Amino acid sequence: MQRPETRDFVRQIVAQDVARGAFDGRVVTRFPPEPNGYLHIGHAKALHLNFSIAREFGGRCHLRMDDTNPVTEEVEFIEAIKRDVKWLGYDWGEHFYHASDYFEQMYCFAEALITKGKAYVCQLPPEVWKEYRGVPEKPGKESPFRNRPPAESLDLFRRMRAGQFPNGAMVLRAKIDMSSPNLHLRDPVLYRILHAEHPHAGKKWCIYPTYDFAHCLEDSIEGITHSFCTLEFEVHRPLYDWILDQLGIHHPKQIEFARLNLSYTVMSKRQLNRLVEEGKVKSWDDPRLPTIAGLRRRGVPPEAIRSFCDLIGVTKVNGLTDIALLEHAIRDHLNRRAPRAMAVINPLRLVIENYPEADEESFQAVNNPEDPSAGTRPVPFSRELFIERDDFRIEPPPKYHRLAPGREVRLRYACLVTCTGFERDPDRGEITTVYCRYDPRSRGGSAPDGRKVKGTIHWVSARHAVPAVFNLYERLFTVADPADRAKHEGRDITDFLNPQSLRVVRGVVEPSLGAPPPLSRWQFERLGYFCADPETRPGAPVFNRTVTLRDSWSRRERKLSADPGPLAAGISPW
RNA sequence: UGCCCGAUGGUGUAACGGCAGCACACGGCCCUUUGGAGGCCAGGGUCCAGGUUCGAAUCCUGGUCGGGCAGCCA
């Protein structure tokens, strides 16, 4: 027997269904966001699951606005959601729907249920209904309206629709089992009165179906075969099944999977909303947020989000995914695709003493070593350059391969230089200029005699430099699980905000980057991946740092400073 | 304390009664005109206790721990 193909449990179920000819072998899925907020990377997981499975099994995936609650939903979100889904690379084709377009059908199904004696209009006030429902440990109490004749319920329900009653006066409830250990089966509400204008349906309705009643019907009407949702809906499944069974209509299979939790961020709509409302971040597309809009502005490619979704898999285990995995997916894609350029985010002036003041020349730089077809570009060079402040030390620590008095390094693509001295500000002690002499025979950066030059640093010609603003982003929170910590320690998520999550610095970029297209993605050599902010302007570019490069030197330095080692500790066994 | 779901290296996952594998992270080495990328190596895991079986991560029982459910939200 052949070793079974590795598939997640969802795909296994779908494959089995297809194999045994369930749903005529068809696969139809759907992504049903409620248009009351922006999509985030957790939604991307659901999106990816639905669209990928549809594609893999030759089916289709619908995009559906689950707009059954007019008081929280807005048209603004509908367009934002469509834009984000499209940007992520998913195509719903013709299949864009609104749950509200099915309101008339849902209403008819509700009447059918009433007629069959499976639903009734209940006039218990909300507080009393809550009491009657009871608690999980004990059976609930039946509503006095439970056994009212179907004809009476039907009349009342029609008058509800006609607008004869105020909000909350009565509801339509399913007649199931008030003693069920599953609260959702204790005669759940199917319709409520809401005198509110609907963003899509307008003023047509004043009664609206609840999620439980609407969702299974939406799925059924659209011919969905597999309805994926998150774990918290597991206890709703018996109700989903009950409604469809009573009505005897097409019955999709609901399958629950674990939602995504990402370390060092928060994912709930409520928490994200707070961060925006309270100004902890600037907007819904703030690059520190895990929203799709935020990730896009941060410079995260959609391909990286999709491959991340493949990496995390699908299970029923509620865990916490390390954001390092997302960062890996981002670097992996950008390393192959992002053109390289040179930028200096913390400039230090470097003067090449033996390079004539009046001269300048340009060197050919490789655009992408991972992709020869990306070609090369000329980079201007002159006597005065900017280098990274981190790339010079007066007293270099062990294994430091960069510039220091007397040390030789390679200026990337240009030449070899040896440090001859430096100058400091007499008052502040800050280093202002580093002096070097270059080896004229090392044009392009190769050592003429084959001598080993271990360090290579990046640079920008001062005369040609374009000033640029860099938004350096770090993790939004200082703890891996801010939401859990807040919940269990009675604290607030804002207690864990990283004050360093955004640092704005001014530096320079090489002239080829003077007017980058908004949202274009680059690797600044030795620094990281950056994305031109939408607000970048020609001659005044603004870049958002997507993610740093992996940096084994800074890791080493951090380790050394954190752990002084046995010698520094001064401990000797004898 | 009712019901439902879950538990495999630090993290995310695979193995569907037959050699516990992969990825990320972490550590070491090689290579390098990005301390990037790439290559190589190493460490580290089946929640616990019983049972069934020639054989259990997998099946059964009990426990422990974690999550969900008491909106006219979704």
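Excluded from the calculations below are hydrogen atoms, water molecules and symmetry mates; all remaining heavy atoms, backbone and side chain alike, are included. Computed from a predicted model, the values in this text were never measured in an experiment.
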Cationic N near anionic O, under 4.0 Å, [X] to [Y]:
{"X": "A:R393", "Y": "A:E557", "value": "yes"}
{"X": "A:D551", "Y": "A:R555", "value": "no"}
{"X": "A:D219", "Y": "A:R64", "value": "yes"}
{"X": "A:R526", "Y": "A:E388", "value": "no"}

Does B:rG44 fall in syn (glycosidic angle within 90° of 0) or anti? anti
Please name the pair of heavy atoms, one in A:T68 and one in A:R192, separated by the smallest distance, quoted to 0.1 Å. O-NH1, 3.7 Å
Please report the shortest heavy-atom distance between A:G299 and A:R521, naming the atom on each side. O-CD, 2.8 Å
What is the nucleic acid contact for [X], judged by heavy atoms within less than 4.0 Å: base, sugar-phosphate only, or nothing?
{"X": "A:T68", "result": "sugar-phosphate"}
{"X": "A:F213", "result": "nothing"}
{"X": "A:N69", "result": "sugar-phosphate"}
{"X": "A:S446", "result": "base"}
{"X": "A:L231", "result": "nothing"}
{"X": "A:V317", "result": "sugar-phosphate"}
{"X": "A:L124", "result": "base"}
{"X": "A:G313", "result": "nothing"}
{"X": "A:L411", "result": "nothing"}
{"X": "A:Q523", "result": "base"}

Tell me the interatomic distance from [X], atom [atom1], to [N], atom [atom2], rounded to whole angstroms.
{"X": "A:F145", "N": "B:rC72", "atom1": "CZ", "atom2": "C1'", "answer": "15 Å"}
{"X": "A:K454", "N": "B:rU33", "atom1": "NZ", "atom2": "C1'", "answer": "13 Å"}
{"X": "A:R331", "N": "B:rA23", "atom1": "CZ", "atom2": "P", "answer": "18 Å"}
{"X": "A:E370", "N": "B:rG38", "atom1": "CD", "atom2": "C1'", "answer": "8 Å"}
{"X": "A:I323", "N": "B:rC26", "atom1": "CD1", "atom2": "P", "answer": "14 Å"}
{"X": "A:H401", "N": "B:rU33", "atom1": "NE2", "atom2": "P", "answer": "13 Å"}
{"X": "A:F233", "N": "B:rA74", "atom1": "CZ", "atom2": "P", "answer": "9 Å"}
{"X": "A:D481", "N": "B:rG66", "atom1": "CG", "atom2": "P", "answer": "14 Å"}

So, does [X] get its side chain near the phosphate of [N], meaning an N or O under 4.0 Å from OP1 or OP2?
{"X": "A:K559", "N": "B:rG28", "value": "yes"}
{"X": "A:T210", "N": "B:rA74", "value": "no"}
{"X": "A:R186", "N": "B:rA70", "value": "no"}
{"X": "A:R555", "N": "B:rG27", "value": "yes"}

Considering only atom [atom1], compute the distance from [N] to [M] and round it to an integer number of Å.
{"N": "B:rA70", "M": "B:rU61", "atom1": "C1'", "answer": "31 Å"}
{"N": "B:rC65", "M": "B:rA23", "atom1": "C1'", "answer": "27 Å"}
{"N": "B:rG18", "M": "B:rA57", "atom1": "C1'", "answer": "13 Å"}
{"N": "B:rA15", "M": "B:rG28", "atom1": "C1'", "answer": "30 Å"}
{"N": "B:rG43", "M": "B:rU1", "atom1": "P", "answer": "42 Å"}
{"N": "B:rU46", "M": "B:rA56", "atom1": "C1'", "answer": "11 Å"}
{"N": "B:rA74", "M": "B:rA42", "atom1": "C1'", "answer": "48 Å"}
{"N": "B:rC29", "M": "B:rG36", "atom1": "P", "answer": "13 Å"}

Pairing donors with acceptors under 3.5 angstrom, does anything connect the side chains of [X] and [Y]?
{"X": "A:D66", "Y": "A:Y211", "result": "no"}
{"X": "A:H236", "Y": "A:D212", "result": "yes"}
{"X": "A:H62", "Y": "A:E222", "result": "yes"}

Give the residues of residues 133-140 of chain A touching RNA chain B, defined as any heavy atom closer than 4.0 Å, sorted by residue number. A:R133, A:V135, A:P136, A:E137
Given A:Y208, which partner from the list A:Y107, A:Y191, A:F103 fulfils the ring-ring contact (aromatic ring centres under 6.0 Å, His included) test? A:F103
Could you pull out every donor-acceptor pair under 3.5 Å between side chains of residues 308-326 of chain A and any protein atom, sequence neighbours left out?
from	atom 1	to	atom 2	distance (Å)
A:D310	OD1	A:H48	NE2	2.8
A:T315	OG1	A:V317	N	3.1
A:K316	NZ	A:E234	OE2	2.6
A:D322	OD1	A:A324	N	3.0

More 5' along RNA chain B: A:A447 or A:A324, using each one's nearest nucleotide? A:A324
Hey, which of these two, A:F9 or A:E232, hits RNA chain B nearer its 5' end, going by closest nucleotide? A:F9
I'd like to know if [X] reaches the base of [N] with its side chain, counting only an N/O donor and acceptor under 3.5 Å.
{"X": "A:R402", "N": "B:rG35", "answer": "yes"}
{"X": "A:E234", "N": "B:rG6", "answer": "no"}
{"X": "A:Q12", "N": "B:rC16", "answer": "yes"}

Return the orientation label for the A:H43 and A:H40 ring planes: parallel under 30°, perpendicular over 60°, tilted otherwise. tilted
Check: A:F363 ring centre within less than 6.0 Å of A:Y413 ring centre: no
I want to verify a distance call: between [options], whose nearest atom is closest to the [X] side chain?
{"X": "A:E525", "options": "B:rU34, B:rC73, B:rU11", "answer": "B:rU34"}
{"X": "A:E34", "options": "B:rC72, B:rC69, B:rA74", "answer": "B:rA74"}
{"X": "A:H488", "options": "B:rC24, B:rG36, B:rG67", "answer": "B:rG67"}
{"X": "A:P369", "options": "B:rA70, B:rA74, B:rU34", "answer": "B:rU34"}

For B:rG35, is there a stacking contact with A:W553, counting only centres under 5.5 Å and planes under 30°? yes
Give a yes/no verdict on base stacking between B:rA74 and A:H215: centres under 5.5 Å, planes within less than 30° of parallel. no
Reading RNA chain B 5' to 3', how would its secondary structure be written in dot-bracket notation, given Watson-Crick and G-U pairs with both distances under 3.5 Å, brackets [ ] for crossing pairs and | for partners on other strands? .((((((..((((....[..))))..((((.......)))).....(((((..]....))))))))))).....
